[in-house]
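This report refers to the structure that appears directly beneath it.
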Amino acid sequence: MEKQQKLDLIFVLPGNNSNIINYALSEIPTNIPWIGDASSNWDTLLKEKHFYHYNKKLKYNISNIINKAAFLTCPSMRLYERLQKRIPSLKQKLLYIPFPNSNIEGLHLAPNDTNIKFPPSTFTLLYPGNLNNGIFQHRFLNAFSRFVKQSCEGKNHIKLLLAGNIDSKTIKRIKNYGLKSNIYIINVSYYKLLELFQEVSALLHIEENNNDAILLPHYLPAYIASGRTIIALTQYHSETKRLLKNNNTIYANSTDEDDIYCSFVRAWSEWQNEESNKHYPESLTYLISEQNFNNVIDIALRCSINANVSIKQ
């Protein structure tokens with residue numbers, strides 16, 4: 001690796017494939033220091049001995065990553081604090097670094113990207129995740145159906161775009177609720193998705209029935225960068241809620257149908273009165289900015305070295 005390219009540091013961005021990269025780097029002989037990703041193994045790390053008893057290979061892999069990596073990043077403050085308490089050996093290696101809003105080179109429109117355009121009079125919501133949890137799905141569709149019906153113009157002027165992996169059962173339920181003309185299931189490239197983040201009226205974040213949402217969704221930095229209002233269907237213990245606070249965000253309890261319905265109505269009202277899409281505070285945009293990423297890493301490293309300085313400060 002050193003012969004091919006001179007590198008000062010290898011940084012593993014958190015994501016779906018970061019675990020594979022962590023494992024690979026832990027097995028490759030190299031003198032280049034590397035910073036791995038702890039969030040991919042968070043559930044296993046928290047279970048620790050109970051899980052390792054049944055999977056010795058996984059124990060070896062994770063132990064190897066912890067030993068070989070110079071540091072391990074954690075994009076969630078709540079996960080960061082919990083891992084520090086659960087695994088004392090991680091204390092000097094764990095860094096709190098949220099996902100950056102990266103402008104990935106080489107992104108472009110795909111052939112199957114549809115030209116999704118709605119009139120300015122259309123209230124559009126977008127959710128890039130899944131909607132396949134049966135109990136929550138029923139509650140969500142009920143709330144959205146009520147929201148559509150509350151306006152005589154709803155059938156034509158309210159649209160929800162679902163860009164995740166939506167199964168056939170969900171599609172059937174959408175039809176049964178009479179929402180076929182209001183809910184669009186789209187299959188677009190990440191490039192197009194980022195474009196839509198900038199164009200829709202509001203963005204949805206959903207934590208379904210998870211009472212302890214400890215992770216930060218990967219799309220949240222792009223949400224913040226878009227400046228769009230976020231409708232966050234969460235519960236009390238939520239990393240997203242901790243990070244966003246009340247900045248440009250409408251919260252609803254994801255277990256309460258009435259609360260979900262009211263969040264749609266409030267977002268609609270703010271949009272109609274042109275009160276939505278306010279700016280996020282500079283401290284938050286700085287934290288997720290790609291341009292400031294080196295500074296954020298520098299701060300995290302300094303806090304890790306100096307035990308007297310809190311990363312929250």
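Scope of the values below: all heavy atoms of this structure, side chains included, with no hydrogens, waters or symmetry mates.
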**Message:** Could you walk me through whether Q137 and T170 satisfy the side chain to side chain contact (heavy atoms under 4.5 Å, CB included) test, starting with their C-alpha distance in whole Å, then the side-chain angles of each, then the deciding distance to 0.1 Å, before giving a yes or no?
**Reply:** CA-CA 8 Å; Q137 187 185 98; T170 304; 2.8 Å; yes
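- Once rounded to the nearest 0.5 Å, the distance linking NE2 of H157 with OG1 of T124 reads 13.0 Å.
- With hydrogens and angles ignored, the 3.5 Å screen pairs a side-chain donor or acceptor of K93 with a backbone N or O of I66.
- When all heavy atoms of P75 and L216 are compared, the closest pair comes out as O-CD2, 3.7 Å.
- Partners of Y261 by ring-ring contact (aromatic ring centres under 6.0 Å, His included), not counting sequence neighbours: none found.
- With values rounded to the nearest 0.5 angstrom, T240 atom OG1 is found 10.0 Å from Y223 atom OH.
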**Request:** In sequence, state the C-alpha distance, the side-chain angles, and the governing distance for N253 and L233, and then conclude on side chain to side chain contact (heavy atoms under 4.5 Å, CB included).
**Result:** CA-CA 6 Å; N253 186 333; L233 311 183; over 6 Å; no
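- Closest heavy-atom contact between F71 and Q92: CE2-O, 3.6 Å.
- Taken to the nearest 0.5 Å, the CD1 atom of I186 stands 8.0 Å off from the CG atom of L162.
- For the residue pair Q235 / H237, no side-chain donor-acceptor distance below 3.5 Å is found, with atom types taken as modelled.
- Residues in residues 158-187 take part in these ring pair (Phe, Tyr, Trp, His ring centres under 6.0 Å) pairs, two or more places apart or across chains: F118-Y184.
- With a 4.5 Å cut-off on side-chain heavy atoms, V188 and I116 count as touching.
- Scanning both residues, I166 and G129, for their nearest heavy atoms gives CD1-O, 4.2 Å.
- R173 is linked by a salt bridge (charged side-chain N to carboxylate O under 4.0 Å, His left out) to nothing, counting only residues two or more places apart in sequence or in another chain.
- Under 3.5 Å, the side chains of T229 and E270 contain no donor-acceptor pair of N or O atoms.
- With hydrogens and angles disregarded, a donor-acceptor distance shorter than 3.5 Å links the side chain of E239 to the backbone of R78.
- Using a cutoff of 4.0 Å between basic side-chain nitrogens and carboxylate oxygens, R139 and D256 are not scored as salt-bridged.
- A 4.5 Å side-chain heavy-atom check between P128 and L193 finds at least one atom pair inside the cut-off.
- Between L7 and I10, the shortest heavy-atom contact is CD1-CG1, 4.2 Å.
- No hydrogens or angles considered: nothing links the side chains of S145 and N142 as a donor-acceptor pair under 3.5 Å.
- Between L160 and L204, the closest side-chain pair of non-hydrogen atoms falls below 4.5 Å.
- Between the side chain of N64 and the main chain of S26, a donor-acceptor pair closer than 3.5 Å is present.
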**Request:** Kindly determine whether S263 and Y251 satisfy side chain to side chain contact (heavy atoms under 4.5 Å, CB included), including the steps that lead there.
**Result:** CA-CA 7 Å; S263 72; Y251 290 102; over 6 Å; no
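- For the pair I231 and L203, the minimum side-chain heavy-atom distance is 4.5 Å or more.
- The distance from the CG atom of L284 to the CG atom of L244 is 6.5 Å, given to the nearest 0.5 Å.
- Of the possible polar contacts, none joining the T234 side chain to the E207 backbone as a donor-acceptor pair under 3.5 Å is found.
- Side-chain contact between Y127 and L161 is absent, with no heavy atoms from C-beta onward closer than 4.5 Å.
- Of all heavy-atom pairs between I158 and V148, the closest is CD1-CA, 4.0 Å.
- Here the CG-CH2 distance, from L9 to W34, works out to 11.0 Å after rounding to the nearest 0.5 Å.
- Contact annotation: the side chain of I214 approaches that of R82 to within less than 4.5 Å [non-hydrogen atoms, C-beta and beyond].
- Crowding of N165 atom CG: a count of heavy atoms from other residues, nucleotides or ligands under 6.0 Å not exceeding 12.
- Between F264 and F147, the ring planes are tilted. Angles from 30° to 60° get that label.
- K159 places a side-chain N or O within donor-acceptor distance of the main-chain N or O of S181, the cut-off being under 3.5 Å.
- A heavy-atom distance below 4.5 Å is not found between the side chains of L125 and V200.
- Counting only distance, with no hydrogens or angles, the side chain of S226 and the backbone of R228 share a donor-acceptor pair below 3.5 Å.
- Separation of atoms CD1 (I250) and CG (D259) is listed at 11.5 Å; rounding is to 0.5 Å.
- Side-chain contact between N248 and I230 is absent, with no heavy-atom pair separated by less than 4.5 Å.
- Across L94 and Y80, no two heavy atoms sit closer than the pair O-CE1, 3.5 Å.
- In this structure, the side chain of N22 engages the main chain of D37 through a donor-acceptor pair within 3.5 Å.
- A salt bridge links E199 with K117: the closest approach of a Lys/Arg side-chain nitrogen to an acidic carboxylate oxygen falls below 4.0 angstrom.
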**Request:** Could you give me the CA-CA distance, side-chain angles and deciding distance for R146 and E257, then say whether side chain to side chain contact (heavy atoms under 4.5 Å, CB included) is met?
**Result:** CA-CA 10 Å; R146 288 168 57 192; E257 181 187 317; 3.1 Å; yes
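- No hydrogens or angles considered: a donor-acceptor pair under 3.5 Å links the side chains of Y219 and H205.
- With T249 contributing its side chain and N247 its backbone, the two residues share a donor-acceptor pair below 3.5 Å.
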